Undergrad: 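This structure is in structure tokens; I'll ask about it shortly.
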Amino acid sequence: MSVTPDLDARFRAAALAEGIVDVRYDVIDTPIGDLLVAQTEGGLCRIAFRPEGQDESLARAFGVRVLRAPLDDVRRELDEYFEGKRTAFDLPIDLRVAPFHEQVLHELATVPYGRTETYGGLARRVGRPRAARAIGTVMHSNPIPIVLPCHRIIGANGSLTGYGGGLHVKRHLLELEGALLPGSA
Amino acid sequence: MMEVVTTRIPPFERFYLLHRDEVLGYLRRLLGQRAEDAWQETFLRALRAYPRLAHGRHLRAWVFTIATNVAMDELRRKHGETVLHDENGAGPATELERDAFRELEHLTGDLPPTERAAVVLRYGYDLPYAEIGAALGSSEDAARAAASSGVRRLRRTLERYP
């Protein structure tokens, strides 16, 4: 006896309408592969390059009532971004990180589309000029990559250094934004 | 051999995917065409209560208990409707039956879900054991065993608290 897609969708909609879901997530297909996106009542809270097992992490961070459900606004804005039609995101964000991380990620959000900044440059912006390494740590644990554009942060010598989704993804995003010529770096 | 016990509460989505089909099958057998509303109500109740779970053990039994309760509510509603529409039924006797029926549901509240369902379906709804077995996903013999085990357990409880 299998639950039909219609019955399944009705249950998910009823659960969301009643407001008894801690965090909802969806997996969306993009030019850089499947992305898991998650949202609380407060806003977008997670984008992950590897969807498998993320539900456990979401449960620990936001509560055990984790439910998969369409996130149409997030999907639309990401689709537009990957088509080159969107240069900034309008999605509300639910950021639950330590104060230093929050400060750095807020500053990161001001690095514009199509531009890059260095780890040291971002460190100076938050008033911690010697904390380039700590900035690297914050970028590495960024819970909402792409929307919080850690791909725009590169090494002082212009090298891409690292990226949670892999360097080829970082290169893809920077090329998409016109910050990097195809085939360079 | 050491028993490995997972006590962590899984994300609701995993719990839901694991049990949604078998719970629907169970409710179909109990309620027929009315199973879908009861199925949704079962998982909404589970979702509401989910953050209050102390551990992740026995989740299957837990959701079947909820499903059984929802089905009992639904059957009670239908039973009530049937009584109201029974033109030949003598008033007082019918009332007496309904009281006895409620008493049975109340008394069986602490039984394990399978025994509870078997006792209520047998003595409350007068279902034959073959049908109860089908409803519970087991055999006629297993249903008879569950009902008699439930009755023995009730008897012990009643002897302890006269």
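Atoms considered below: every heavy atom in the structure, side chains included; atoms not considered: hydrogens, waters and symmetry mates. Just so it is clear: chains get the letters A, B, ... in the order the sequence lines come, proteins before strands, and each one is counted from 1. It should be emphasised that the depicted structure is a prediction, and the values quoted were computed from it without experimental measurement.
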Undergrad: Relative to chain B, which of L58(A), L7(A), L67(A), T4(A) shows the most heavy atom pairs under 4.5 Å?
TA: L7(A)

Undergrad: Tell me, with the steps shown, if R48(B) and E41(B) meet salt bridge (Lys or Arg N to Asp or Glu O under 4.0 Å).
TA: CA-CA 10 Å; R48(B) 285 182 208 122; E41(B) 177 60 21; 3.7 Å; yes

Undergrad: Heavy-atom distances under 4.5 Å only: say whether R60(A) touches chain B with side chain, backbone, both or neither.
TA: neither

Undergrad: Has E18(A) got more than 12 heavy atoms of other residues, nucleotides or ligands less than 6.0 Å from its CD?
TA: yes

Undergrad: Indicate the ring-plane relationship of W39(B) and F11(A), choosing parallel, tilted or perpendicular according to the 30° and 60° boundaries.
TA: perpendicular

Undergrad: Answer with side chain, backbone, both or neither: which region of Y26(B) has an atom nearer than 4.5 Å to a non-hydrogen atom of chain A?
TA: neither

Undergrad: Answer with side chain, backbone, both or neither: which region of R28(B) has an atom nearer than 4.5 Å to a non-hydrogen atom of chain A?
TA: side chain

Undergrad: With a 4.5 Å cut-off on heavy-atom pairs, point out which of L17(B), L53(B), L47(B) contacts chain A the most.
TA: L47(B)

Undergrad: Could you verify whether a donor N or O on one side chain and an acceptor N or O on the other, from S139(B) and R144(B), lie under 3.5 Å apart?
TA: no

Undergrad: Examine whether an atom of D22(A) lies under 4.5 Å from a heavy atom of chain B, and if so say whether it belongs to the side chain, the backbone or both; otherwise answer neither.
TA: neither

Undergrad: Does H55(B), at its NE2 atom, have more than 12 non-hydrogen atoms belonging to other residues, nucleotides or ligands within less than 6.0 Å?
TA: yes

